[in-house]
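Okay, structure first, notes after.
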Amino acid sequence: MKIDGRHFRTIWTNDAGQVEIIDQRWLPHELRIKPLPDRAAFATAIRDMWVRGAPLIGATAAWGVAVQMEHDPSDASLTETWQVLHETRPTAINLKWALDEMERLLRPLPPAERAAAARKRAAEICDEDVEANRQLGAHGLAVIREIAARKQGRVNILTHCNAGWLATVDWGTATSPIYQAAEEGIDVHVFVDETRPRNQGAQLTAWELASHGIPHALVVDNAGGHLMQHGEVDMVIVGTDRTTANGDVCNKIGTYLKALAAHDNGVPFYVALPSPTIDWTLRDGLKEIPIEERTAREVTHVQGRAPEGHITEVQISPDATGARNPAFDVTPARLVTGLITERGICAASPEGLAALFPERARG
Ligand SMILES: CSC[C@@H](O)[C@@H](O)C(=O)COP(=O)(O)O
């Protein structure tokens, strides 16, 4: 998507072949581009959330393997790289998906051929993510179009966290239908949950939408239920870090509460995802998906721009107060109206997913 009119992806290779990313820790106030020269830099970038969002974590890991193969293409290096990158963040299944893709391709090859093959596949994984998100956006657009026609007016969409282009290679998941609706001339307006503790909504989603001229309003995380009770939300669209084969949806902490409020108020609750986000091995999201626990500091402190212009962090709780920081929660399939994928929209159920992905459901 665009920054100041110039097209960007979130990860790319520069003229010298080096991988570069947008370092998202400084948005919306500063656009910083960072090269990732070696495996350690890739691991840090994922763990410390210079890049984040399930599809982008996967794409970054794929490039991490490719760069490491240029330094050392041995079997031992391939094994160690899978492990080092896999342990960076536990919840988004796209990370394991991408590492498994690279492993499956590279392991049978002679080491001398691995670097070139890895580079090619990492670039393909990025392109595939862009195309899947473009396609799922077209399917989600049909839902927005239908609401707009029925309502004969502005469509109000609530979203949580950042499932925008910054969370993917391009387009975003939850935002792809929104961008495509706006392009088509539909009057869309987005309620952006701030998404404590790291405020991906306030810092990233709001920035993206502002850059593309999409009308939006930032709301505190607790406002969604109230807005729904007063008929101000026509639909919810969120992304996901891992969706099970039975349609349970794991996403940023607080998503479950939005799904409950949507259910109670008859507001459609959609989840947009490219298929690498489906974990076909799991059936019970609540029991089986590992939930990342992040540092308490993300809860006790908040980052923002000081009046003097520099980015700073302030403490909001007493010194003696500790915190818990589960980063994701699971929304049971029964609360999900539909899963918007690159192959179409399906029910959040084993049957719904199997109908769209018969080759995977059989496995
Ligand atoms: C298209 S992104 C879907 C999810 O990855 C997104 O909603 C989310 O929860 C991101 O969490 P983050 O902790 O910022 O990586």
Side-chain angles (χ1 to χ4, degrees), residues 1 9-11 21-25 27 45-61 88-98 126 129-130 132-134 136-137 140 158-179 192-208 221 236-243 249-259 269-279 285 289-295 298-299 303 325-331 336 339-342:
M1 302 295 289
R9 285 185 175 189
T10 50
I11 186 164
I21 54 151
I22 296 174
D23 183 347
Q24 301 186 22
R25 292 171 300 165
L27 291 172
I46 298 172
R47 185 182 300 105
D48 295 349
M49 295 177 66
W50 307 5
V51 291
R52 25 68 51 205
L56 179 55
I57 290 170
T60 306
T88 51
R89 293 196 73 191
T91 301
I93 193 62
N94 307 58
L95 175 61
K96 179 172 183 297
W97 175 86
C126 290
D129 183 62
V130 176
N133 297 329
R134 191 192 62 75
L136 69 84
L158 182 137
T159 192
H160 190 70
C161 193
N162 173 260
W165 73 269
L166 290 168
T168 63
V169 178
D170 207 349
W171 281 107
T173 58
T175 57
S176 183
I178 296 170
Y179 288 130
V192 180
D193 281 354
E194 60 179 346
T195 319
R196 277 280 287 147
R198 288 184 68 102
N199 289 318
Q200 289 96 327
Q203 298 185 332
L204 305 177
T205 307
W207 180 74
E208 280 191 24
D221 289 325
V236 178
I237 317 181
V238 296
T240 168
D241 292 82
R242 191 185 302 219
T243 288
V249 169
C250 183
N251 192 46
K252 181 54 56 193
I253 193 78
T255 302
Y256 169 54
L257 291 178
K258 292 301 138 69
F269 184 93
Y270 283 93
V271 180
L273 66 155
S275 54
T277 311
I278 304 167
D279 187 340
I289 297 177
I291 301 294
E292 178 178 12
E293 283 266 353
R294 295 186 62 85
T295 168
E298 291 181 351
V299 181
Q303 177 181 295
N325 189 9
F328 300 94
D329 61 24
V330 174
T331 297
V336 177
L339 300 174
I340 306 173
T341 78
E342 70 269 27

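Every number for a ligand or one of its atoms is a count from 1 in the order of the listing.
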Inset, instruction - Would you please write out the protein residues whose heavy atoms approach any atom of ligand 1 to under 4.0 angstrom, listed by chain and number? - result: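 The 4.0 Å shell around ligand 1 contains M49, R52, G53, A54, P55, R89, C161, N162, A163, A167, T168, T173, Q200, G239, T240, D241, N251, K252, F328.
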Legend entry - Donor-acceptor under 3.5 Å (T168 side chain, W165 main chain):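 Yes; judged by distance alone, with no hydrogens or angles, the pair exists.
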Inset, instruction - Taking K258 for its side chain and V236 for its backbone only, find out whether a donor-acceptor pair lies under 3.5 Å. - result: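 No; zero donor-acceptor contacts below 3.5 Å.
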Inset, instruction - State whether a side-chain donor-acceptor pair under 3.5 Å links R52 with Q200. - result: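 Absent: no donor and acceptor within the cut-off.
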Inset, instruction - Would you tell me whether N162 and E208 have side-chain atoms, one donor and one acceptor, within less than 3.5 Å of each other? - result: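 Yes, side-chain donor-acceptor contact under 3.5 Å.
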Inset, instruction - Starting from the C-alpha separation in whole Å, work towards a yes-or-no answer on side-chain contact (heavy atoms from CB on, under 4.5 Å) for V330 and Y256. - result: CA-CA 6 Å; V330 174; Y256 169 54; over 6 Å; no
Inset, instruction - Could you list all the salt bridge (Lys or Arg N to Asp or Glu O under 4.0 Å) pairs where at least one residue sits in residues 270-279, not counting sequence neighbours? - result: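 Sorted pair list: R242-D279.
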